[in-house]
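The structure appears below as C-alpha cells.
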Amino acid sequence: MPRRPKLAHWALAVFVLASCDGGSPQVREFRGAYPEAAHPTGAVREFALTAAPAQVTFPDGRILAVWAYDGQVPGPTLRVRLGDTVRVRFTNHLAESTTIHWHGVRVPNAMDGVPNVTQPPIAPGGTFIYEFTPKDAGTFWFHPHIRSPEQIERGLFGVLIVEDEHPQPYTRDVVWVLDDWLLTPSGEIAPDFVTRHDLAHDGRWGNVVTVNGSSRTVLDVRPGERIRLRLLDVANGRVFAPDLGGLEAKVIAVDGLYAARPLDPAGFVLAPGNRLDLDVTIPAALRGQRLVIQDRFTRQPFALATIAVADTEPVATPDFPPPATAHVPNWSDTTDMAPRLTFKLDARAGGPFGIEWTINDQVMDHVHDTHDHGAPYTLPRAEWSKLRFENASYRLHPMHMHGLFFKVLARNGTPVDEPYFRDTVLVRPKETVDVGTVPLDAGRWMAHCHILEHAEAGMMTLVDVR
Ligand code: C2O
Ligand code: CU
C-alpha cells in the first residue's frame, strides 16, 4: 500500500465532506436521470372518477357485467402535461372497499393508494381526493390496491399519460391496453378468484385477449404516419410479446421513462404492470394492407390487433429525433458489489388460499392485517443500492416497486445492457436478477409481484426509503 502523504488526512476529510454532497460514483453517474422534485406550473387538472358496477358493451358486441371507472373498460385515459397538478375526486360506488394506486408515478407517499399503509381503505360510498404533481413524463396507469385479483380483473384500471412539456409532433398518440379475461361458457367473468390453480401457476390467465376491451381492435392509419404507440399490460398474470414485424418500430420508453436511445423491439415482453412506448412509422409500402400484430409469448401465436393502412397517397412523415435521449447511468462497474437487500421469492403450503407466495419466507396481507408492523426493509434515500431478486420457484414473478425506478444490472450474475429504467421486472423461473436504484422519494413503498394472485397470497412487502 502506498504511504499516504501528510496532507492526505486533511484532504480526506474534505473529500468525505464533499462526497456527502457528491455521492458515490454510482450516484454521480445517476445525477440528472430523473428529477428529485416536481416542478408544478400551477395548472391544476381536476378529474372526477367513480368506481361502480357497470354493464359494458364492448366494440366487438360482447356485453359484460363489470366493475368500472366511469362506466367504461378500460377506464378513462387521464392526459396531463408535465408540471400539471393532478387532482382526482374519487368516489367508491362498489359494494366493497377500494383505493387507487398510481402505478409508476412518483407521488407523495400519502397518495400511493396502499390500504392501511398510506391511507385507510375507501369504504363503499366513500370518497378520497388524490392530488399530486407528476415528476416524470410518460405512460402510467392506475388501479385498485385492495383485492386486486378481483377488482382489476373485473375491469378497474385506467391510463394516466403525462405528456412532455413540448410533445414531439407525432401524427397520432395511441394507447393500447392489453388484457385478458377468463370467461365462463355463458360469457360471464368466471367468479372464482385466487384459485389454487391460479396460485400454482402464473396467476389467472384468461381465454379472451383484448386490446382496449376488444378482441378485434383495428387501428386505421395512413401510409407515412408516425405514431406514438403506448402499450400497457394490465392483465392479472399474462405476459405479452407483441411481434411488430413489418413496422418500422423502435422502443423509446419503458415503464414510463425514456430509454437512453431508441431500441429494437425484438425481445421485449410486457409482463403485468409493464409499459412500452413505441415510435412507429407506417411504411409507404404497406399502403392498402392490413398488418396483424401477433402475440408470441406462448407457443401458440395469436392476433392481438390489426393495423389497417389506407389505400391513399402517403402523408409526409414528420421528421424529428425520437424523444429517447434520457440520461441513463451504466453502473457497469457494480458487478462485484454486494446487494444491500436480497428478496428470495418462493412458495409454501398454507394460508387462506392453501398456497402462500413468500418474500424471504414472509407473507404480507395489507388488507386483513391492519396492524402497523413497520417496514421490514430500509433503503437510504438518494444513495445507490443494489437489490437482488432471487427466484427460488419455477413460476414467473414480475416484481414491481412503488416510489422508485430501478435498472437491471445482471441476470444470473451475467451483466446485461438495459439502457433504461423500469418499475417492474419479470423474474423468470429460478432466475436471479440484480437491479440498481437511487430512490429519491421518501416513504414506505410496496415491493410486490404484479401477478396479482401471487401478491394476494402474500408476495408483497414494504421498503422504507429514508
Ligand atoms: Cu401496479 Cu402495487 O401496483
Ligand atoms: Cu409472482
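Just so you know, these numbers use all the heavy atoms, side chains as well, and skip hydrogens, waters and symmetry mates.
Cys449 places none of its side-chain heavy atoms less than 4.5 Å from the side chain of Leu345. Residues Leu231 and Leu278 have side chains in contact (heavy-atom distance under 4.5 Å, counting atoms from C-beta outward). With contacts defined as side-chain heavy-atom distances shorter than 4.5 Å, the pair Asp295/Phe297 qualifies. Arg340 is listed as a side-chain neighbour of Leu379, based on a closest heavy-atom distance under 4.5 Å. Within the 4.5 Å cutoff, no side-chain heavy atoms of Glu225 are placed close to those of Thr317. The shortest side-chain heavy-atom distance between His103 and Phe140 does not fall under the 4.5 Å cut-off. Inter-residue side-chain proximity for Leu244 and Phe268 is flagged as unmet; no heavy-atom pair is nearer than 4.5 Å. No side-chain heavy atom of Pro272 sits under 4.5 Å from any side-chain heavy atom of Asn236.
In plain terms, the two heavy atoms of Asn109 and Ala442 that are nearest each other are CB-O, 4.1 Å. Looking at every heavy atom in both residues, Val363 comes nearest to Trp357 through CG1-O, 3.6 Å. The two residues Asp198 and Glu453 come nearest to each other via the heavy atoms CB-CG, 3.7 Å. Looking at every heavy atom in both residues, Leu440 comes nearest to Pro35 through CD1-O, 3.8 Å. Nearest heavy-atom pair across Ile100 and Tyr130 is N-OH, 2.9 Å. Annotation for Val234 and Ile152: closest pair O-CG2, 3.8 Å, computed over non-hydrogen atoms.
Look at Arg411 and Glu431 and you find a salt bridge, because one of the NZ, NE, NH1 or NH2 atoms lies within 4.0 Å of a carboxylate O, short of that distance. A salt bridge is defined here as a Lys NZ or Arg NE, NH1 or NH2 lying under 4.0 Å from an Asp or Glu carboxylate O, and Arg261 with Asp417 meets this definition. Between Arg106 and Asp441, at least one side-chain N (NZ, or NE/NH1/NH2) sits under 4.0 Å from a carboxylate O, which counts as a salt bridge. For Glu46 and Arg89, the salt-bridge test passes: some basic side-chain N is under 4.0 Å from an acidic carboxylate O. Electrostatic pairing of Glu131 and Arg87 counts as a salt bridge here, judged by a charged N lying under 4.0 Å from a carboxylate O. Between Asp233 and Arg238 there is no salt bridge, since none of the side-chain N atoms of the basic residue sits less than 4.0 Å from a carboxylate O of the acidic one. Using a cutoff of 4.0 Å between basic side-chain nitrogens and carboxylate oxygens, Arg444 and Asp112 are not scored as salt-bridged. At a threshold of 4.0 Å, the pair Asp180-Arg204 does not count as salt-bridged, since none of the basic side-chain nitrogens sits closer than that to a carboxylate oxygen. Classification of Arg381 and Glu36 as a salt-bridged pair holds, one side-chain N sitting under 4.0 Å from a carboxylate O.
Lys250 places no side-chain N or O within donor-acceptor distance of the main-chain N or O of Pro262, the cut-off being under 3.5 Å. A donor-acceptor contact shorter than 3.5 Å is absent between the side chain of Asn330 and the backbone of Ser332. Distance alone, capped at 3.5 Å, is enough to place a donor-acceptor pair between the Arg348 side chain and the Asp361 backbone. In this structure, Glu153 contributes its side chain and Ser148 its backbone to no donor-acceptor pair below 3.5 Å. Panel note: side chain Thr99, backbone His145; a donor-acceptor pair is recorded below 3.5 Å. No donor-acceptor pair closer than 3.5 Å links the side chain of Asp365 to the backbone N or O of Gly458. A side-chain donor-acceptor contact under 3.5 Å links Thr118 to the backbone of Val114.
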Could you walk me through whether Tyr34 and Phe405 pass the ring pair (Phe, Tyr, Trp, His ring centres under 6.0 Å) test, one step at a time?
CA-CA 9 Å; Tyr34 54 81; Phe405 294 100; 5.4 Å; yes
Please walk me through it: do Asp243 and Ile293 pass side-chain contact (heavy atoms from CB on, under 4.5 Å)?
CA-CA 6 Å; Asp243 179 356; Ile293 308 297; 5.7 Å; no
Check the pair Glu163 / Arg79 against salt bridge (charged side-chain N to carboxylate O under 4.0 Å, His left out), numbers first and verdict last.
CA-CA 7 Å; Glu163 291 179 341; Arg79 210 178 252 276; 2.8 Å; yes
Dump the intermediate steps for side-chain contact (heavy atoms from CB on, under 4.5 Å) on Ile359 and Gln362, then the final yes or no.
CA-CA 5 Å; Ile359 297 179; Gln362 302 293 314; 5.7 Å; no
side-chain hydrogen bond (donor to acceptor under 3.5 Å, both in side chains), that's the test. Do Gln151 and Thr98 meet it? Break it down for me.
CA-CA 8 Å; Gln151 294 195 3; Thr98 192; 2.7 Å; yes
What's the verdict on side-chain contact (heavy atoms from CB on, under 4.5 Å) for Arg28 and Ser24, showing C-alpha distance, side-chain angles and the deciding distance?
CA-CA 6 Å; Arg28 267 182 269 126; Ser24 65; 6.0 Å; no
Could you go through the ring pair (Phe, Tyr, Trp, His ring centres under 6.0 Å) check for Phe343 and Tyr377 one step at a time?
CA-CA 10 Å; Phe343 300 107; Tyr377 304 100; 5.1 Å; yes
Stepwise, does the side-chain contact (heavy atoms from CB on, under 4.5 Å) test hold for Trp176 with Thr217?
CA-CA 9 Å; Trp176 277 2; Thr217 288; 4.1 Å; yes
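There is a side-chain donor-acceptor pair under 3.5 Å between Thr85 and Thr133. Judged by distance alone, the side chains of Asn391 and Ser393 do bring a donor and an acceptor atom under 3.5 Å apart.
If you take OG1 on Thr432 and CD on Glu390, they are separated by 4.5 Å, rounding to the nearest 0.5 Å. Atom CE of Met399 is separated from atom CZ of Arg422 by 13.5 Å, given to the nearest 0.5 angstrom. Within the model, atoms CZ of Arg172 and CZ of Arg226 stand 15.0 Å from one another, a figure rounded to the nearest 0.5 Å. We find the CH2-CZ distance between Trp384 and Phe30 to be 12.5 Å, quoted to the nearest 0.5 Å. With rounding to the nearest 0.5 Å, the separation of CG in Leu199 from CZ in Arg395 is 11.0 Å. Between the CD1 atom of Ile451 and the CG atom of Leu396 there is a distance of 5.5 Å, given to the nearest 0.5 Å.
Under the salt bridge (charged side-chain N to carboxylate O under 4.0 Å, His left out) test applied with Arg230, the options Asp255, Asp279, Asp277 reduce to a single match, Asp277. Remark: of the listed residues His402, His454, His101, His402 is the sole one forming a ring pair (Phe, Tyr, Trp, His ring centres under 6.0 Å) with His448. Put simply, the residue from Thr334, Val328, Thr335 that forms a side-chain contact (heavy atoms from CB on, under 4.5 Å) with Trp331 is Thr334.
For Tyr170, the ring-ring contact (aromatic ring centres under 6.0 Å, His included) partners two or more places apart in sequence, or in a different chain, are Phe320.
Using the six-membered ring where Trp is involved, His197 and His201 have ring planes that are parallel, under 30° apart on the 30 and 60° scheme.
Judged by the 6.0 Å and 45° rule, Lys407 forms no cation-pi pair with Tyr420.
In the displayed structure, Arg466 atom CZ is contacted under 6.0 Å by at most 12 heavy atoms of other residues, nucleotides or ligands.
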